[in-house]
2 protein chains.
Amino acid sequence: MSVKNRLIYLPLGGAGEIGMNCYVYGYGPEGRERLIVVDLGVTFPDMDTTPGVDLIMPDIAWLEARADRIEAIFITHAHEDHIGALGHLWPKLKKRVYARRFTAAIGRLKFEEQGHPLDVIHTVEPRPAVVEAGPFRVQFVPIAHSIPESSALVIDTPAGRLVHSGDFKLDPTPIVGEGWNEAAFRAIADEVPVKALMCDSTNIFSPAPGRSEATLADPIHGLIANAGGMVVATTFASNVARLKTLAEAGRAAGRSVCLLGRAMQRMVKVAQETGVLTDFPTIIPSEQATEVSRQNLMLIVTGSQGERRAATAQLSRGKYLGLELKEGDMFLFSSKTIPGNERDVLRIMNSFSEMGVDVVDDTGGRYHVSGHANRPDLEKMHEVLHPQMLVPMHGEHRHLREHVKLAEARGIAGEIATNGMMLDLSGDAPEVAEYIETGRLYLDGSVLIGAMDGVVRNRIRMALNGHAMVNVILDEQNEPLGEAWVELMGLPETGKRGQPLAEAMEAELTQFLETAPPKIMRDDEKTEEAIRRIVRQVAVEEIGKKPEVTVVVSRLSEE
Amino acid sequence: MSVKNRLIYLPLGGAGEIGMNCYVYGYGPEGRERLIVVDLGVTFPDMDTTPGVDLIMPDIAWLEARADRIEAIFITHAHEDHIGALGHLWPKLKKRVYARRFTAAIGRLKFEEQGHPLDVIHTVEPRPAVVEAGPFRVQFVPIAHSIPESSALVIDTPAGRLVHSGDFKLDPTPIVGEGWNEAAFRAIADEVPVKALMCDSTNIFSPAPGRSEATLADPIHGLIANAGGMVVATTFASNVARLKTLAEAGRAAGRSVCLLGRAMQRMVKVAQETGVLTDFPTIIPSEQATEVSRQNLMLIVTGSQGERRAATAQLSRGKYLGLELKEGDMFLFSSKTIPGNERDVLRIMNSFSEMGVDVVDDTGGRYHVSGHANRPDLEKMHEVLHPQMLVPMHGEHRHLREHVKLAEARGIAGEIATNGMMLDLSGDAPEVAEYIETGRLYLDGSVLIGAMDGVVRNRIRMALNGHAMVNVILDEQNEPLGEAWVELMGLPETGKRGQPLAEAMEAELTQFLETAPPKIMRDDEKTEEAIRRIVRQVAVEEIGKKPEVTVVVSRLSEE
């Protein structure tokens with residue numbers, strides 16, 4: 001009796017959210033499938049849910065426990081939500097990494113920072129870039145996106161051909177890199193029928209066809225040609241095509257162009273070194289920029305999402321690297337604001353407004369285009385590849401759901417698979433095979449912590465409720481030595497009665513300590529609980545809030 | 001020699017921000033002007049800048065110090081950003097309050113909650129509603145907005161006529177209340193030339209003319225008529241006209257209508273009691289709703305901004321008041337998402353998507369209209385009132401700046417006045433007279449604290465950095481009694497070396513205590529500083545973060 005092999009798909013991140021992409025494909029007997037990993041990305045933290053956290057990445061415990069079955073890691077492109085966790089998580093897997101030139105170069109920079117070996121990252125050029133990885137034959141197919149050298153993956157398996165779209169748009173003129181090549185994609189499906197398409201869902205709710213990167217050149221050239229003072233433009237650092245358009249518009253308007261922001265300088269450098277970016281206008285260093293007259297200067301800067309330490313935010317606070325905006329200057333946001341960043345971006349726009357700077361953004365839809373396929377473009381891709389099944393990815397649940405509906409309307413078998421849902425693709429339609437426990441890891445300072453460890457939950461509690469700390473010292477007879485001591489942090493100093501809040505608490509605690517029965521005072525836990533209750537009660541009466549309370553009972557013995 | 005009188009305008013909130021509106025007008029000799037206050041509103045807190053805070057309101061210390069010069073308080077309408085602080089701040093001023101019926105009724109509910117006298121709130125009906133207040137003669141002029149009985153104020157002074165627009169749109173068919181009456185506004189300017197217009201700026205960046213509330217009836221009726229399962233709709237609780245449109249669409253589709261959410265029920269009740277809302281469809285209580293079949297039921301619920309405890313969020317988490325959404329139901333957001341609330345709203349939409357509920361929002365612009373005048377509507381208002389001066393309000397700096405530009409293009413003298421900038425309107429153009437120290441008060445639990453008190457800053461620090469608490473007990477010879485004790489909150493339990501972080505800190509501290517010179521140990525401040533430095537240093541090495549540190553040094557003396 002032969003063993004039955006199966007073909008599986010398992011998202012560990014990026015399905016049911018936009019961010020921290022990580023997808024697994026497997027082929028082989030159940031429980032012994034050989035695996036490949038596609039992308040290892042991060043999500044960015046926010047104050048509401050992850051204060052103090054530096055980066056969020058998928059919990060890959062499932063993969064780690066099966067590292068011996070992993071053939072390789074493939075990275076589709078160099079956006080942080082696809083490659084950002086590679087440096088942090090690679091040590092848990094220690095497998096070969098495959099990517100195109102630009103992506104591999106960015107990956108190597110990350111490995112360098114972390115001290116990992118650089119030679120495990122393999123560049124798949126020259127094309128046709130095909131990697132044999134166990135039962136998988138993986139082909140990188142260039143596709144346009146908002147970063148150089150984005151790729152779809154054609155994954156051939158003994159059970160059939162899969163296409164992993166990666167992030168993409170149908171852009172025939174992407175300024176940098178290869179444009180949408182419909183014939184090439186038709187050939188993929190003509191050569192071998194596509195069993196399943198795992199497909200980007202980001203822009204499923206955008207009803208109009210996507211616009212090409214090239215459509216921005218005229219509006220941006222026109223805008224900058226008519227500017228009087230200094231021109232500053234921001235966009236995503238990795239959008240090298242946009243940087244080129246912006247820089248060329250600056251040059252065409254007779255301006256010297258200066259790039260501010262490490263991430264952006266690095267992207268341009270890597271793009272040039274890997275040969276994806278050619279004839280980029282000469283750029284001048286910031287020291288030289290300070291000597292150029294305003295009307296002859298253009299800055300292209302990082303921080304389109306309002307990041308506190310990026311150049312845009314720095315300039316909104318005043319002089320930065322000797323450069324300062326003022327009345328009559330123009331600031332262009334050649335970008336969209338990612339949901340959640342609105343407040344930060346608006347704060348910056350208002351600071352510029354206070355300086356008298358004219359802020360131009362994408363409200364009119366003229367100075368930015370998305371890097372993702374819109375609804376009609378997705379339909380086109382469905383039509384071109386006519387897969388048997390479609391599994392949407394790179395989307396929140398509502399995106400995935402809508403994408404399945406769209407596919408089913410065309411007669412394609414669709415299935416929503418969110419993080420942790422393993423699908424069996426062996427048959428004619430996707431079937432849920434298993435639910436895997438997944439989660440998130442937080443990079444917090446230099447440590448990886450689990451999202452459910454309670455660390456961040458406690459930070460949120462302190463932020464919402466404030467923190468009261470109580471010290472009590474007891475002797476061997478459980479009698480207090482000195483009085484209870486209360487320190488407050490993040491709490492009002494005085495309560496309703498005008499008395500210092502800490503004193504009000506100390507008074508109640510002293511009374512308690514003087515009268516508490518030995519059976520409580522003998523027991524640390526009971527004593528702490530009683531103290532905590534008293535502190536909360538005083539707080540509720542005085543300030544109408546229940547703080548977090550930490551109690552330390554010190555017991556001193558005669559030495 | 002006669003004393004020179006002047007006419008002043010001073011925003012204390014709402015100018016340079018959208019929220020917590022509070023404007024002051026004054027007339028009389030410099031420093032002795034008689035004053036009136038227009039609106040006392042709140043802003044809502046967020047986790048990024050104001051964690052744990054319940055409400056934000058203008059710091060009215062300037063007014064409080066001049067309470068003897070205040071003639072009265074006028075409230076233009078019952079939105080929280082105009083009336084929300086009335087109950088909290090009124091005790092600082094204790095002046096008569098004037099408002100129209102609906103607004104006054106909402107104000108009285110707030111006063112009831114706070115135990116303030118109800119009879120200080122005066123209803124200005126029947127019209128023409130004119131209030132004499134010292135040198136001011138204030139007339140309430142109905143104007144459409146997204147709440148019943150919004151008013152512009154025509155403020156006559158010995159120095160000329162002012163118009164305070166309040167929040168408004170040029171809606172001839174607002175469903176509830178009086179529509180835009182161009183003739184009435186032309187008459188205001190014909191009667192007495194308008195010296196200055198203080199004008200809503202919210203939608204200055206919206207290029208198309210605003211749409212009437214009435215335009216929503218057809219799309220909403222159509223949407224609900226075609227729905228299969230249960231229909232749930234949310235909008236702003238105070239948008240009584242929208243509630244009416246929604247409820248009528250439900251009724252027209254043969255559905256029983258149920259309102260969920262205290263705020264919404266209150267608004268409808270007050271609107272009916274004050275006579276502004278008539279022939280609202282019969283509503284059924286939630287207990288009864290559970291017995292109605294899904295296809296015959298419509299819920300209208302609070303929580304369009306994703307508020308955690310409102311009905312929308314409750315329903316997104318599962319059963320609420322016996323009602324539960326499921327596959328085939330429809331949820332309509334007849335609202336826009338206010339910047340900053342995107343994440344919360346999207347989270348809820350995705351929860352509904354997981355339930356199989358079809359979520360409809362305003363993406364296509366069919367199911368919501370704004371309550372504010374768009375750019376062409378503002379131009380119309382400028383044209384109708386042709387004021388000598390224009391001072392924009394109700395906007396962030398970028399809105400105010402753009403509004404001044406728009407006015408100046410028409411030859412009107414404009415001036416940006418943000419919170420605390422007192423303008424002298426006596427002459428032909430606004431002149432900055434003075435800068436007043438302004439700020440924000442936080443309602444935190446039951447206490448009002450100043451934004452600059454450091455309380456909230458410490459909460460943010462604990463949230464970002466975690467909190468380490470150290471206890472050290474010293475005897476009279478400055479010798480440690482027992483070992484240093486460290487408690488951590490919001491910090492990883494173990495560091496790089498795998499050792500518990502608190503233990504690593506305690507070990508370093510014990511070593512310090514054993515060897516520290518007496519000149520440090522004698523001095524609490526120096527000891528604390530040294531301890532804090534050690535704790536931070538261990539933290540940086542172990543976890544790559546600098547926590548907040550609270551040190552308590554207890555000194556025990558022989559008794």
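So you know, we letter chains A, B, ... as the sequences are listed, proteins then strands, and number each from 1. Only a predicted model underlies this, so the values are computations on that prediction, with no experimental measurement involved.
Only the side chain of A:E487 has a heavy atom closer than 4.5 Å to any heavy atom of chain B. Using a 4.5 Å cut-off between heavy atoms, A:D444 touches chain B through backbone and side chain atoms alike.
In terms of non-hydrogen atom pairs under 4.5 Å with chain A, the most contact-rich of B:E402, B:E542, B:K545 is B:K545. When A:T50, A:D358, A:V345, A:L488 are compared by the number of non-hydrogen pairs under 4.5 Å with chain B, A:D358 comes out ahead. When B:I473, B:V456, B:V540 are compared by the number of non-hydrogen pairs under 4.5 Å with chain A, B:I473 comes out ahead. Among the candidates A:N458, A:V455, A:T550, the residue making the largest number of heavy-atom pairs closer than 4.5 Å to chain B is A:V455. Of the listed residues A:G490, A:G544, A:G445, A:G454, the one with more heavy-atom pairs under 4.5 angstrom with chain B than any other is A:G490. Between chain B and the options A:P207, A:G356, A:A539, the largest number of non-hydrogen pairs under 4.5 Å is found for A:G356.
Considering all non-hydrogen atoms of both residues, B:I449 and A:P492 come closest at CG2-CB, 3.8 Å. Scanning both residues, A:E342 and B:P339, for their nearest heavy atoms gives CB-CB, 4.1 Å. In plain terms, the two heavy atoms of A:T494 and B:V447 that are nearest each other are O-CG1, 4.1 Å. Pairing each heavy atom of A:R401 with each of B:V357, the nearest pair is NH1-O, 3.2 Å. Taking each heavy atom of B:S446 and A:K496 in turn, the nearest pair found is OG-CE, 3.9 Å.
No more than 12 heavy atoms of other residues, nucleotides or ligands shown are found within 6.0 angstrom of NZ on A:K326. Counting heavy-atom neighbours within 6.0 Å of B:E528 CD, excluding the residue itself, gives a total above 12. Counting heavy atoms of neighbouring residues, nucleotides and ligands inside a 6.0 Å radius, atom CD of A:E506 exceeds 12 of them. Heavy-atom contacts from other residues, nucleotides or ligands closer than 6.0 Å to CZ of B:R308 number 12 or fewer.
Annotation: side chain of A:L400 is not in contact with side chain of B:E354 (no heavy-atom distance under 4.5 Å).
Between atom CD1 of residue A:I543 and atom CG of residue B:L448 there is a gap of 13.0 Å, rounded to the nearest 0.5 Å. Here A:L481 contributes atom CG and B:L556 contributes atom CG; the two are 5.5 Å apart, rounded to the nearest 0.5 Å. Note that the CG atom of B:D46 and the CE atom of A:M47 stand 9.0 Å from one another [nearest 0.5 Å].
Tested against B:S353, the residues A:H397, A:H399, A:E396 include a single side chain to side chain contact (heavy atoms under 4.5 Å, CB included) partner, A:H397.
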Test side chain to side chain contact (heavy atoms under 4.5 Å, CB included) applied to A:V552 and B:W485, step by step: CA-CA 9 Å; A:V552 175; B:W485 183 264; 3.6 Å; yes
Given salt bridge (Lys or Arg N to Asp or Glu O under 4.0 Å), test A:D48 with B:R347 step by step and report yes or no. CA-CA 12 Å; A:D48 289 80; B:R347 198 173 299 128; over 6 Å; no
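Residues of residues 460-469 of chain B lying under 4.5 angstrom from chain A, judged on non-hydrogen atoms, are B:I460, B:M462, B:A463, B:L464, B:G466, B:H467, B:M469 by number.
Put simply, the side chain of B:N350 gets close to the backbone of A:R398: a donor and an acceptor are under 3.5 Å apart.
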